[in-house]
Novice: 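Pasting in a structure now, in structure tokens, and then I'll have a few things to ask.
Along the sequence shown, residues are numbered consecutively beginning with 1.
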Amino acid sequence: MNSENQALLIVGIVIIVLILIILASCIRIVPQAYAFIVERLGGYQATWGVGLHLKLPIIDRVANKVLLKEQVIDFKPQPVITKDNVTMHIDTVVFFQITDPKLYTYGVEYPISAIENLTATTLRNIIGDLELDQTLTSRETINTTMRANLDVATDPWGIKVNRVELKNIIPPAEIQEAMEKQMKAERERRESILRAEGEKKSTILVAEGKKESAILEAEAEKQAAILRADAVKEATIREAEGRAQAIEAVQKATAEGLKYLNEAAPTKQVLTLKSLEAFEKAADGKATKLIIPSEIQGVAGLAGAVAELVKDDKKE
């Protein structure tokens, strides 16, 4: 009896454990940026978003876990031929995002491989209408055209193509060598232009410096000449003022003397003697000719007579 009870207990525990395992498998948690595609008996049932979900045991199953974040695929270089029959290799980078998990799951088998093949076909069609130079210089246009074409083609698959970038454009070796030579020549040309521009600017700066120096020297000479002229002018003015003051002083002295003589009421003899003194001063000058008035000649004779009388008085 005890052994039967133990057996029943063990069976019960096993059943409970199985039930717990089944219940646990029916509880699913969908993480952020994911979507679960659930099928019931092999057919599409629902799309689970973020959160806790319960599914029926055995008959329900999670068919696909879809990542909703933007994804990046770097495809290998694809050989393409330009309009002028130049073969080159181009590798592309596609940025896409799944917008409809159901269409992504059931729309196409191996969707990433389908995007790669579609990208290669679209790229060949676009490059086939362009020449080599256009291909090398129209990268942005090619990117925009490819994105638009891929976005339309992948829409039934629940995929949105956000951006397409041409990562590398690899032309043939001989063309690449020619391009490198051309780029080298262009760099040398630009270097020569920059060097010439530098020399030109240097020459202009030197000329400007000489010009400024000459202008400054001329200005300095002009100022010096002005100062010299001002000095001569000032000296002349002062000399003239001195002469004027001297003449004024002489005139004042003469006037004072005449005033004094008038006040003293001099006799005729005194005036005659003063005239003789003035004549004596004139005779002491450097003049070679003297014109003596007749009045002074008479006075001179008178003066001689007076002198003789003075001598006779001294002898007595």
Side-chain angles (χ1 to χ4, degrees), residues 72 74 77-78 80-95 123 126-148 162-253 285-288:
V72 182
D74 188 357
Q78 299 290 330
V80 294
I81 301 175
T82 63
K83 187 177 181 180
D84 49 354
N85 295 322
V86 177
T87 302
M88 61 176 61
H89 289 76
I90 301 177
D91 59 339
T92 55
V93 179
V94 178
F95 298 80
L123 182 62
I126 295 174
I127 299 299
D129 294 332
L130 301 176
E131 295 182 354
L132 176 61
D133 292 340
Q134 292 176 314
T135 303
L136 297 175
T137 58
S138 304
R139 180 172 298 193
E140 189 63 31
T141 303
I142 297 172
N143 292 340
T144 303
T145 305
M146 285 190 63
R147 192 209 67 80
N162 296 327
R163 191 164 68 255
V164 178
E165 297 290 342
L166 300 185
K167 186 176 180 181
N168 288 313
I169 300 177
I170 307 172
E174 60 275 9
I175 294 179
Q176 190 170 358
E177 184 178 356
M179 291 173 59
E180 290 177 356
K181 290 181 179 179
Q182 183 179 0
M183 292 175 63
K184 181 179 179 181
E186 183 65 21
R187 286 195 299 268
E188 292 176 352
R189 186 183 70 84
R190 291 181 180 179
E191 183 179 356
S192 300
I193 292 174
L194 291 176
R195 189 184 301 110
E197 288 291 336
E199 293 176 355
K200 177 181 177 182
K201 290 181 180 179
S202 177
T203 303
I204 291 173
L205 289 176
V206 171
E208 288 290 337
K210 291 181 179 179
K211 177 182 176 182
E212 291 293 331
S213 177
I215 291 173
L216 292 176
E217 290 179 359
E219 287 291 336
E221 183 63 27
K222 177 182 176 182
Q223 293 296 328
I226 292 173
L227 292 176
R228 286 196 296 268
D230 288 341
V232 172
K233 176 182 177 182
E234 185 68 22
T236 303
I237 291 173
R238 290 185 179 276
E239 183 179 357
E241 289 178 350
R243 291 178 180 177
Q245 291 176 359
I247 293 171
E248 184 180 1
V250 171
Q251 294 295 332
K252 285 184 178 180
K286 296 180 180 180
T288 57

Novice: Counting neighbours of CD1 on Ile170 that are heavy atoms of other residues, nucleotides or ligands and sit closer than 6.0 Å, is the number greater than 12?
Specialist: yes
Novice: Run Phe95 and Arg147 through side chain to side chain contact (heavy atoms under 4.5 Å, CB included) and show every step you take.
Specialist: CA-CA 9 Å; Phe95 298 80; Arg147 192 209 67 80; over 6 Å; no
Novice: Could you tell me which non-hydrogen atom of Leu130 sits nearest to which non-hydrogen atom of Ile126, and how far apart they are?
Specialist: CG-O, 3.6 Å
Novice: Measure the spacing between CG of Leu123 and OG1 of Thr92 and express it to the nearest 0.5 Å.
Specialist: 6.5 Å
Novice: State whether the number of non-hydrogen atoms from other residues, nucleotides or ligands found under 6.0 Å of Glu140 atom CD is greater than 12.
Specialist: no
Novice: Give the intermediate values and the outcome of salt bridge (charged side-chain N to carboxylate O under 4.0 Å, His left out) for residues Arg190 and Glu186.
Specialist: CA-CA 6 Å; Arg190 291 181 180 179; Glu186 183 65 21; 3.3 Å; yes
Novice: What's the spacing between Asn85 CG and Leu132 CG if we round to 0.5 Å?
Specialist: 11.5 Å
Novice: Does the Ser202 side chain pair with the main chain of Gly198, one donor and one acceptor, at a distance under 3.5 Å?
Specialist: no
Novice: Verify, without hydrogens or angle tests, whether Ser213 (side chain) and Gly209 (backbone) share a donor-acceptor contact under 3.5 angstrom.
Specialist: no
Novice: Hey, could you give me the CD/CD distance between Glu241 and Gln245, rounded to the nearest 0.5 Å?
Specialist: 6.5 Å
Novice: Which heavy atom in Glu221 sits nearest to a heavy atom in Arg228, and how many Å separate them?
Specialist: OE2-NH2, 3.4 Å
Novice: Given side chain to side chain contact (heavy atoms under 4.5 Å, CB included), test Leu166 with Met146 step by step and report yes or no.
Specialist: CA-CA 10 Å; Leu166 300 185; Met146 285 190 63; 4.1 Å; yes
Novice: Out of curiosity, Leu194 CG to Arg187 CZ, how far, rounded to the nearest 0.5 Å?
Specialist: 13.5 Å
Novice: For the backbone of Asn168 and the side chain of Asp91, can you confirm whether one donor and one acceptor N or O come within less than 3.5 Å of each other?
Specialist: yes
Novice: Nearest 0.5 Å, please: how far is CZ in Arg189 from CD1 in Ile193?
Specialist: 4.0 Å
Novice: How long is the span from the CZ atom in Arg195 to the CD atom in Glu188, to the nearest 0.5 Å?
Specialist: 9.5 Å
Novice: Run the side chain to side chain contact (heavy atoms under 4.5 Å, CB included) check on Met88 and Thr82 step by step: do they pass?
Specialist: CA-CA 8 Å; Met88 61 176 61; Thr82 63; 3.8 Å; yes
Novice: Return the minimal non-hydrogen interatomic distance between Thr135 and Ile169, and the atom names on each side.
Specialist: O-CD1, 3.8 Å
Novice: Could you tell me which non-hydrogen atom of Asp129 sits nearest to which non-hydrogen atom of Lys83, and how far apart they are?
Specialist: O-CD, 3.9 Å
Novice: So does Glu234 pair up with Arg238, basic N to acidic O under 4.0 Å?
Specialist: yes
